[in-house]
Amino acid sequence: MPQPAFLLYSKEHEWVKLEGDTATVGITDYAQHSLGDIVYVELPRVGATLQQFGNIGVVESVKAVSDIFTPIGGEVTEVNSALEDDPALLNREPFGGGWLFKLKVADQGETSNLLSPESYDELTLEE
């Protein structure tokens, strides 16, 4: 499945959408498909300062528990509270309503450490 062209990706299967100094973060369709039915999501708290590629929470599915890493660093400004009541939203809408959190980006230069949609597609073909 081709990746949305307006996003950047991490090797750990998270995506980031940049809008000015705000980043929205989620997991990829590849990640949610690999996990299976998601039953629980642990998210960072609003106000937390995150370091790029730092472990910030977990996603639990019927198959496994998997760590979530942030593809870009900054201060968390919002979390997707809809996931508390409906974690399966990550399965249904990984690139839409299933976003995880938003943050104020600390260093835009960190985007150079992320993958383009084409590079991410190549990565997933190798796995």
Colleague: Using every non-hydrogen atom in the two residues, find where G36 and N91 come nearest and quote the distance to one decimal.
Modeller: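 Heavy-atom minimum between the residues: O-ND2, 2.8 Å.
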Colleague: Within the side chain of S61, is there an N or O that forms a donor-acceptor pair under 3.5 Å with the backbone of A64?
Modeller: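 Answer holds: yes.
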Colleague: Do V79 and W99 share a hydrophobic cluster, counting only Ile, Leu, Val, Met, Phe, Trp and Tyr and linking them when any side-chain heavy atoms are less than 4.5 Å apart?
Modeller: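 Different clusters: V79 never reaches W99 through Ile, Leu, Val, Met, Phe, Trp or Tyr contacts under 4.5 Å.
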Colleague: CG of D121 to CD of E126: how many Å apart, nearest 0.5 Å?
Modeller: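 One gets 11.0 Å once the value is rounded to the nearest 0.5 Å.
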Colleague: Whether D37 and K63 form a salt bridge (side-chain N of Lys/Arg under 4.0 Å from carboxylate O of Asp/Glu) is what I want to check.
Modeller: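 Result for this pair is no, no salt bridge flagged.
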Colleague: Which value, rounded to the nearest 0.5 Å, describes the distance between D21 atom CG and D107 atom CG?
Modeller: 12.5 Å
Colleague: With the 4.5 Å side-chain cut-off for hydrophobic clustering, are L114 and Y30 part of the same group?
Modeller: no
Colleague: Does any part of the side chain of L83, heavy atoms only, come nearer than 4.5 Å to the side chain of L100, both counted from C-beta?
Modeller: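 A side-chain contact under 4.5 Å exists here.
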Colleague: Mind listing the closest non-hydrogen atom pair of G109 and S112 along with its distance?
Modeller: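 Residues G109 and S112, closest heavy atoms: O-OG, 2.9 Å.
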Colleague: Would you check if Y9 and L123 make a side-chain contact, meaning some heavy-atom pair closer than 4.5 Å?
Modeller: no
Colleague: Tell me, please, whether W15 has K17 positioned over its six-membered ring: NZ or CZ under 6.0 Å from the ring centre and within 45 degrees of its axis?
Modeller: no
Colleague: Is K11 close to F69 at the side-chain level, that is, under 4.5 Å between some pair of heavy atoms?
Modeller: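 No, side chains not in contact.
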Colleague: Which heavy-atom pair separates A23 from L18 by the least distance, and what is that distance?
Modeller: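 So the minimum-distance heavy-atom pair works out to CB-CD2, 3.7 Å.
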Colleague: Between T28 and Y120, do the side chains contain an N or O donor and an N or O acceptor separated by less than 3.5 Å?
Modeller: yes
Colleague: To the nearest 0.5 Å, how far apart are CD in E14 and CG in L8?
Modeller: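 Separation between the atoms: 13.0 Å.
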Colleague: Applying side chain to side chain contact (heavy atoms under 4.5 Å, CB included), run through E78 and F101 and close with a yes or a no.
Modeller: CA-CA 6 Å; E78 186 178 352; F101 61 92; over 6 Å; no
Colleague: Please name the pair of heavy atoms, one in L103 and one in G74, separated by the smallest distance, quoted to 0.1 Å.
Modeller: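 That would be CD1-CA, 4.1 Å.
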Colleague: Is L89 reachable from V59 through a run of hydrophobic residues whose side-chain heavy atoms are each under 4.5 Å from the next?
Modeller: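 Yes.
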Colleague: Look at the side-chain heavy atoms of Ile, Leu, Val, Met, Phe, Trp and Tyr, link any pair under 4.5 Å apart, and say whether F95 and V41 land in one connected group.
Modeller: no
Colleague: Quick check: do V25 and I56 have side-chain heavy atoms less than 4.5 Å from each other?
Modeller: no
Colleague: Determine whether S10 and L115 make a side-chain contact, defined as any pair of heavy atoms from C-beta on separated by less than 4.5 Å.
Modeller: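 Side-chain contact under 4.5 Å: no.
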Colleague: Regarding N113 and E110, do their side chains bring together a donor and an acceptor under 3.5 Å, going by distance alone?
Modeller: no
Colleague: Would you call V65 and Y40 a side-chain contact if the rule is heavy atoms closer than 4.5 Å?
Modeller: no
Colleague: For Q51, I'd like to know if atom CD has over 12 heavy atoms of other residues, nucleotides or ligands within 6.0 Å.
Modeller: no
Colleague: Find out whether K104 and V76 are in side-chain contact, i.e. whether some heavy atom of one side chain is under 4.5 Å from a heavy atom of the other.
Modeller: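 Not in contact.
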Colleague: So V105 and I72, do their side chains get closer than 4.5 Å, heavy atoms only?
Modeller: yes
Colleague: Which distance, rounded to the nearest 0.5 Å, do you find between the CD1 of I27 and the CD1 of I68?
Modeller: 7.0 Å
Colleague: What's the spacing between E93 CD and Q32 CD if we round to 0.5 Å?
Modeller: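 Between E93 CD and Q32 CD, I get 11.0 Å after rounding to 0.5 Å.
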Colleague: Start with the C-alpha distance between T124 and H13, add both sets of side-chain angles, then the distance that settles side chain to side chain contact (heavy atoms under 4.5 Å, CB included), and finish with yes or no.
Modeller: CA-CA 9 Å; T124 58; H13 308 291; 4.2 Å; yes
Colleague: Quick one: closest heavy-atom pair of S66 and L35, and the distance?
Modeller: CB-CD2, 3.6 Å
Colleague: Just how far is it from atom CD1 of I38 to atom CG of D86, taken to the nearest 0.5 Å?
Modeller: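 Between atom CD1 of I38 and atom CG of D86 there are 10.5 Å.
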Colleague: If you compare all heavy atoms of P87 against all heavy atoms of E84, which two are closest, and at what distance to 0.1 Å?
Modeller: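 Heavy atoms of P87 and E84 come nearest at CD-O, 4.2 Å.
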